[in-house]
Amino acid sequence: LCKKQGTEMSKITKKRLQLYIKRKLAGIKKEYMYRTTKVKDNKILFLTFQGAYTCNPRYICDEILKREKNWDLVWVVDDLSEETRKEFPKEVRLVERNTNKYFKELYSAKVWIDNAFNVTKVSVKKKPEQIYLETMHGSLGIKRIGPQDVPDKRRNKRGFRCGRLTDYIVSNSAFEDEVYRTSFWKKTEILEYGHARNDILFIEDRAFKEKIYKKVYDFYQLKDDVNLALYAPTFRSPELDKEPMEELDFDLLHDALTERFGGEWVILNRAHHRDYKNKGYHTQNANVLDGATYPDIQELMIACQVGITDYSSWIFDYVLTRKKGFVYAPDLKAYDDDRGFYYPLETAPFPLAHDNQEMKQNILSFEEKAYQEAVEAFLVDKGCVEDGHASERIVDKLTEWMEDRP
């Protein structure tokens with residue numbers, strides 16, 4: 001037995017040694033690339049936590065392409081498959097995350113554009129002539145994000161790295177400014193421009209909207225006269241996820257939507273990317289489809305007539321459309337105790353339900369005028385500056401960095 005245990009310990013020690021050597025060699029390679037790679041003034045590196053062509057970086061990139069800038073645009077992805085390549089414009093080059101090529105692109109890019117703590121998932125250095133633009137991926141969101149609120153040491157370590165390296169961070173409101181200042185970006189310069197991903201929500205052009213509708217409806221093979229409701233909840237910590245709660249009753253929801261608003265309804269159930277228990281989502285309910293298979297939630301917001309969440313920040317983008325929004329929060333107190341809210345959820349403009357019966361009643365008794373008044377009051381209270389021109393302001397700033405020479 002002792003001999004067997006000794007052998008096992010020897011294996012563990014060997015593995016640790018191999019891992020240590022591997023990390024040291026990777027660190028030496030990174031340092032070498034940092035020292036020997038020259039920054040190219042026309043290169044931008046884009047990163048999203050999804051590894052996809054989405055969120056703020058996507059809409060910034062779209063504006064760059066629209067202006068036909070002669071810039072080298074590089075996007076960080078999780079794999080270089082043909083399927084991944086199809087998501088991106090032909091003008092954008094792809095590089096696989098955390099490879100030697102990735103670090104070479106990272107250290108040679110004039111600007112890094114990120115929507116989370118992606119650059120700082122590993123320890124990196126930034127050259128004096130490089131600029132790190134952080135866009136984040138939420139807005140007006142209720143969940144606290146500071147290190148004092150989220151007990152995840154690894155995540156917070158990345159956050160502190162991000163705060164130290166970030167030169168500029170984009171905000172859409174006085175509220176969001178305060179969130180940044182009380183979390184990781186205490187001294188970072190804030191660009192109160194609005195979020196690029198939300199510009200699409202302000203476009204009134206009928207032909208453009210019809211194009212998005214067709215794109216979404218063709219993706220899900222839906223008839224033109226079907227109404228869509230998007231249900232997209234946030235993730236829960238492993239501890240909270242174990243706690244029993246009343247799941248949303250899709251049949252009851254479907255019937256309530258039909259009774260109150262008329263027509264035929266289909267519900268898109270979009271699980272959070274970190275909600276691993278719902279990966280490979282399947283249902284036998286013909287009125288419920290997998291909303292997570294569609295790459296861009298911003299386009300879903302345009303195509304849907306009703307939005308529903310629990311605590312996810314996407315609905316605080318969706319509110320800009322002035323379309324109907326509801327909150328289903330069966331574990332409100334437990335989630336607040338676990339994560340913490342910046343303001344009471346009851347002060348948001350969305351009718352709040354704690355169980356399915358209350359959710360049904362909120363839909364049946366929905367009053368459009370009162371809802372619109374609540375939306376306007378909420379946006380004013382938060383100091384929201386969104387007006388549909390954020391990507392233009394950001395690319396104007398990029399032009400200043402990339403092209404203006406002393």
Side-chain angles (χ1 to χ4, degrees), residues 138 141-144 149-151 227-261 264-293 297 300-301 304-319 323-367 370-371 374:
I142 194 168
K143 294 179 296 187
R144 290 186 173 274
D149 306 308
V150 184
N227 298 297
L228 280 179
L230 174 62
Y231 173 58
T234 191
F235 67 94
R236 285 159 174 75
S237 66
E239 294 76 20
L240 195 61
D241 209 25
K242 295 174 186 174
E243 296 297 319
M245 72 172 191
E246 186 176 331
E247 301 285 352
L248 183 62
D249 186 327
F250 290 112
D251 288 325
L252 197 67
L253 172 63
H254 176 267
D255 292 346
L257 291 169
T258 303
E259 182 178 343
R260 174 63 182 85
F261 303 117
E264 184 179 347
W265 284 84
V266 167
I267 302 158
L268 299 180
N269 182 16
R270 187 179 177 91
H272 193 275
H273 77 283
R274 288 176 61 181
D275 187 3
Y276 296 104
K277 72 177 183 179
N278 281 324
K279 294 296 181 188
Y281 167 82
H282 295 286
T283 181
Q284 298 300 316
N285 192 328
N287 297 316
V288 182
L289 300 175
D290 186 359
T293 56
I297 193 170
L300 293 183
M301 291 183 209
C304 288
Q305 288 74 51
V306 167
I308 305 162
T309 191
D310 44 16
Y311 320 108
S312 179
S313 64
W314 73 268
I315 204 162
F316 298 100
D317 288 351
Y318 181 77
V319 74
K323 291 193 282 188
K324 302 169 184 65
F326 297 87
V327 167
Y328 179 70
D331 59 346
L332 178 59
K333 186 179 184 307
Y335 199 96
D336 191 9
D337 291 342
D338 181 71
R339 180 64 179 263
F341 295 147
Y342 282 112
Y343 51 88
L345 188 53
E346 292 83 356
T347 64
F350 317 108
L352 170 63
H354 302 84
D355 56 48
N356 281 292
Q357 286 302 319
E358 192 174 7
M359 184 71 185
K360 176 184 176 182
Q361 189 55 43
N362 285 348
I363 293 171
L364 296 180
S365 62
F366 181 81
E367 294 184 8
Y371 175 71

- [ ] Go through the steps to decide whether D331 and D338 satisfy the test side chain to side chain contact (heavy atoms under 4.5 Å, CB included), and finish with yes or no.
- [x] CA-CA 10 Å; D331 59 346; D338 181 71; over 6 Å; no
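- Across all their heavy atoms, N362 and P351 have their closest contact at ND2-C, 3.8 Å.
- When all heavy atoms of P233 and T309 are compared, the closest pair comes out as CA-OG1, 3.8 Å.
- Under the rule for a side chain to side chain contact (heavy atoms under 4.5 Å, CB included), the partners of L257 that lie at least two apart in sequence or sit in another chain are A229, L253, F261, W265, V306, I363.
- The two residues I297 and A232 come nearest to each other via the heavy atoms CD1-CB, 4.5 Å.
- R260 and L364 get closest at one heavy-atom pair: CD-O, 3.3 Å.
- Annotation for E346: atom CD counts as buried by contact number, over 12 foreign heavy atoms lying within 6.0 Å.
- In this structure, the separation between CD1 on I308 and CG on L230 is 8.0 Å, given to the nearest 0.5 Å.
- Minimum heavy-atom separation, F235 to R339: CZ-NH1, 3.7 Å.
- In this structure, Y371 contributes its side chain and G325 its backbone to a donor-acceptor pair below 3.5 Å.
- Between R236 and D310 there is a side-chain heavy-atom pair separated by less than 4.5 Å.
- Between F326 and F366, the distance separating the two ring centers is shorter than 6.0 angstrom.
- Residues meeting the ring pair (Phe, Tyr, Trp, His ring centres under 6.0 Å) test with Y311, sequence neighbours left out: Y335, F341.
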Open item on the list: Show, in sequence, the C-alpha distance, side-chain angles and deciding distance for Q357 and L252, and conclude whether the side chain to side chain contact (heavy atoms under 4.5 Å, CB included) test is met.
Closed with: CA-CA 8 Å; Q357 286 302 319; L252 197 67; 3.8 Å; yes
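- Of the possible donor and acceptor atoms, one in the side chain of N356 sits under 3.5 Å from a partner among the backbone N and O of D249.
- Residues F316 and A348 share a closest heavy-atom pair of CE2-CB, 4.2 Å.
- With contacts defined as side-chain heavy-atom distances shorter than 4.5 Å, the pair N287/E264 does not qualify.
- One N or O on the side chain of K323 and one on the backbone of M301 form a donor-acceptor pair closer than 3.5 Å.
- When side chains are defined from C-beta on, N285 does not count as touching H254, because their heavy atoms never get closer than 4.5 Å.
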